[in-house]
Amino acid sequence: MSSLTTSPATATGTTTKTYSSSFTTPSPTVSSWPLFSKTSKKCAIQSLKHKVSCNAGSSENLLNNLDRRNVLLGLGSLAGAVNLTSVPSVGAAPLAAPDISKCGTNPLSGFKAGENTPTGGDCCPPDSSLIKDFEFPTNQAFKVRPAAHLLSAKYIAKFNEAIKRMKALPEDDPRNFLQQAHIHCAYCNGAYTQSSSGFPDIEIQIHNSWLFFPFHRWYLYFYERILGSLIDDPTFALPFWNWDTPAGMTIPKYFNDPKSALFDTKRNQAHLKGVVDLGYNGKDTDATDIEKVKNNLAIMYRQMVTNATDPTAFFGGEYRAGKEPISGGGSVEQSPHTPVHRWVGDPREANGENLGNFYSAGRDTLFYCHHSNVDRMWSLWKMLGGKHKDITDTDWLNTSFVFYDENKNLVRVYVKDCLLTNQLGYDYQRVDVPWLKSKPVPRAPRSGVAKRLIGKVKKSDDVVFPVKLDKTVKVLVPRAKKSRSKKEKEEKEEILIIQGITYDSEKYVKFDVYVNDEDDDDDAAPDQTEFAGSFAQLPHKHKGKTSSKTNFRAGLTELLEELEADDDENVLITVVPRSGSEDITIDAIKIIYA
Ligand code: C2O
């Protein structure tokens, strides 16, 4: 046990308090969170004009929500939850940290050193002959990341000052603002190869697989420490853009102040004030703000609960040394993570810069608050208990990256060391989690839908794959098992798999998936039960190949129960193209039990 001093929730003005935290917990459960540290903050939704139901935003409330959910889903007690994924597989080849001296030499990407971005700029970091191995911070102030829309004026000023100093550092200082932005570009635009793992012809890509959450957690960890050290405030913590709660669904207004270091000209000018669209299709809909809030909460529920039933669903597919990262991104990575990027990015720019394209995303300060909330989702997800555990595969745990720290040292870090935020010295401010109560309500039972459509809609066995997604695709997909018992359902999730999705990686690509929806697909919205999830890909500027291939999955167990379609032999799957879908092809649509 170690005692940590926290100065939580600067924004809420609560007093500093001390609590104990166990670092020996194998996986964070609710007990590793300071759930009983009361915040005085009432639900901030009250300040929003929309009438959205919401309880007081105390930490107890979150616990109540979690308890309620457990009762609803029969998950059992959080503390006693059985770890169903605890058998580690034999690690063969974890991806090793890139050799930064070889940055920009990837023969496949077509980049040359010195011109790693589509704009000809260089996204390689300064070289360093010395690599230190990561050590946990000791004797450090504990950081509590606050909700960005609840910051005090003082905190905003502090954040602004830290970014200002980061921008003022010499260009070749690895802590410099642009250098930090380049980290993201280098790790996702083909600047690094897997040469240190013995595969110099295969690139490193930290999106679309199980590396998404840990890479970004480490990235923010060092970013936050650099900011703190620049203002000499070891308690400085990166605010999180709380887009999963109604009052947090707009860009915090201090980001729009042209005099602020947080300002960025390359943002969608039509979105500076409005409610974010967590399911953004690349163009604005005519939904009212109230409808947008409702849809957003429904998307959150789908992606964090229905579609994130186990580690693979949440984190994304496997990605080991020698492999291309094509196994598919996790639920939250696809949506809302990707649509939020695109919603902020500037449509006046050729590639949706800054947030709308991977290579430039880190140049907008909002990126770090966006990802702070994405990272918070990882913590919240684990608090749901049950199968919500970190991956135990040793290849995942032993994957490494390198980052420069606040002292300009190049540090090698491992995924296994970032699983507990408390251990890394930070946590998140407790705020209400309204989407836990936002399960869409079925409009009508959808049983027998597939039966009625036999003869009118093709069965998946009769479809000639690959199919093109230039228009809505409807198909009846057989279920190998129907009317499963509660026990069978607890052991295995029924999963919809869309396999071999080939798409143009230079476009914003998105499609939505609906289950047993007989209605016109143009009316379909995420707040209806039939909405199963979204596939979304951020453009990925690259000089080499532009075609990518990956998979999509969505959880069906709960969905089919809600639609009262559990006894049906087939399911009607509707795939609705939303953006950049003209050249998408799909190799297979099936239902599996895993
Ligand atoms: Cu690395 Cu939000 O992207």
Set out, in order, the CA-CA distance, both residues' side-chain angles and the distance that settles side chain to side chain donor-acceptor pair (under 3.5 Å) for Asp417 and Gln423, then state yes or no.
CA-CA 8 Å; Asp417 289 332; Gln423 207 171 1; over 6 Å; no

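- Side chains of Tyr280 and Tyr508: no donor on one and acceptor on the other come within 3.5 Å.
- Counting heavy atoms from C-beta on, the side chains of Met300 and Val332 never come closer than 4.5 Å.
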Please lay out, stage by stage, how Trp378 and Asp390 fare under the test side chain to side chain donor-acceptor pair (under 3.5 Å).
CA-CA 9 Å; Trp378 181 2; Asp390 287 319; 2.9 Å; yes

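- Between Arg145 and Asp375 a salt bridge is recorded (basic side-chain N to carboxylate O distance below 4.0 Å).
- Taking the six-membered ring for Trp and the full ring otherwise, Tyr155 and Phe236 have centroids separated by under 6.0 Å.
- Tyr221 and Arg225 are linked by a side-chain donor-acceptor pair at a separation below 3.5 angstrom, with hydrogens and angles left out of the test.
- Using cut-offs of 30° and 60° on the angle between ring planes, the pair Phe401 and Phe215 is perpendicular.
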Report the C-alpha separation of Asn354 and Asp346 in whole Å, then their side-chain angles, then the decisive distance to 0.1 Å, and conclude whether the side chain to side chain donor-acceptor pair (under 3.5 Å) test is met.
CA-CA 7 Å; Asn354 277 328; Asp346 193 341; over 6 Å; no

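- Around NZ of Lys167, the count of heavy atoms belonging to other residues, nucleotides or ligands within 6.0 Å exceeds 12.
- Ring pair Tyr223/Phe403: centre-to-centre distance not below 6.0 Å.
- A ring-centre distance under 6.0 Å is found for Phe315 and Trp396.
- Taking the six-membered ring where the residue is Trp, the centroids of Tyr404 and Phe222 are separated by 6.0 Å or more.
- Just one of Val431, Val374, Leu220 meets the side-chain contact (heavy atoms from CB on, under 4.5 Å) condition when paired with Phe240; it is Val431.
- Every salt bridge (Lys or Arg N to Asp or Glu O under 4.0 Å) that Asp133 has, sequence neighbours left out, goes to Arg412.
- No side-chain donor-acceptor contact under 3.5 Å links His207 and His540.
- Relative ring orientation between Tyr426 and Tyr428 is described as perpendicular, the plane-to-plane angle rising above 60° on a 0-90° scale split at 30° and 60°.
- Environment of NZ in Lys507: crowded, with over 12 heavy atoms of neighbouring residues, nucleotides or ligands closer than 6.0 Å.
- Of the candidates Asp264, Val340, Val344, Leu262, Val344 is the only one forming a side-chain contact (heavy atoms from CB on, under 4.5 Å) with Leu366.
- Side-chain atoms of Gln205 and Tyr192 form no donor-acceptor pair, as typed in the model, at a separation below 3.5 Å.
- Note: His370 and His337 have parallel aromatic rings, judged against thresholds of 30 and 60 degrees for the angle between ring planes.
- Asp244 and Asn242 share a side-chain donor-acceptor pair at under 3.5 Å.
- Residues Pro239 and Phe159 are in side-chain contact: their nearest non-hydrogen atoms beyond the backbone lie under 4.5 Å apart.
- Aromatic pair Trp381/Phe314: centroids less than 6.0 angstrom apart.
- Counting non-hydrogen atoms of other residues, nucleotides and ligands closer than 6.0 Å to NZ of Lys416 gives a total above 12.
- Between Arg267 and Asp364 there is a salt bridge, with a side-chain nitrogen of the basic residue lying less than 4.0 Å from a carboxylate oxygen of the acidic one.
- Remark: side-chain polar atoms of Thr399 are paired, donor with acceptor, to backbone N or O of Asp395 under 3.5 angstrom.
- With 3.5 Å as the limit, one finds no donor-acceptor pair spanning the side chains of Glu353 and Asn357.
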